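In what follows, a single structure is set out as structure tokens and then discussed.
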Amino acid sequence: MLRVSIFTAVIVLIVGLYDIAYAYNRRYRNHNHGATPFMVLGIIFTISGLVLIVMHWVK
């Protein structure tokens, strides 16, 4: 089983939430130009962070 640091899991989760917030704010400022890649990355990082936290608890 893979050992996961809770610090790494929390950082990945924070980065994902930050990317989602950045894309949300950018969508309204620039009328949705260039917001989609940040939203996709935010969703990927947020899901990955949640998976890492669950993996840390399950160990």
Side-chain angles (χ1 to χ4, degrees):
M1 190 98 188
L2 183 65
R3 290 178 37 137
V4 178
S5 170
I6 191 71
F7 179 74
T8 304
V10 169
I11 293 297
V12 171
L13 185 62
I14 289 171
V15 168
L17 293 175
Y18 179 80
D19 277 347
I20 290 173
Y22 183 78
Y24 184 76
N25 289 332
R26 185 176 176 139
R27 180 179 60 164
Y28 285 115
R29 259 190 278 147
N30 296 335
H31 304 292
N32 206 18
H33 293 292
T36 306
F38 285 105
M39 187 63 77
V40 169
L41 282 174
I43 291 170
I44 290 170
F45 280 127
T46 303
I47 292 172
S48 300
L50 292 173
V51 168
L52 288 173
I53 289 174
V54 168
M55 287 176 62
H56 178 76
W57 282 339
V58 169
K59 75 171 182 173

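Note that the structure is a prediction, hence the values are computed from the model and not measured.
- Cluster membership check: Ile11 shares its hydrophobic cluster with Ile20, using side-chain heavy-atom separations under 4.5 Å among Ile, Leu, Val, Met, Phe, Trp and Tyr.
- A pairwise comparison of heavy atoms in Ala23 and Ala35 identifies CB-O, 3.5 Å as the closest pair.
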Report, one line per pair, each donor and acceptor closer than 3.5 Å where one atom sits in a side chain of residues 37-49; sequence neighbours left out.
from  : atom 1 : to    : atom 2 : distance (Å)
Thr46 : OG1    : Gly42 : O      : 2.7
Ser48 : OG     : Ile44 : O      : 2.8

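- Interatomic distance, Arg3 CZ to Met55 CE, rounded to the nearest 0.5 Å: 12.0 Å.
- Ile53 forms part of a hydrophobic cluster together with Ile6, Val10, Leu13, Ile14, Leu17, Leu50, Trp57, judged by ILVMFWY side-chain heavy-atom separations under 4.5 Å.
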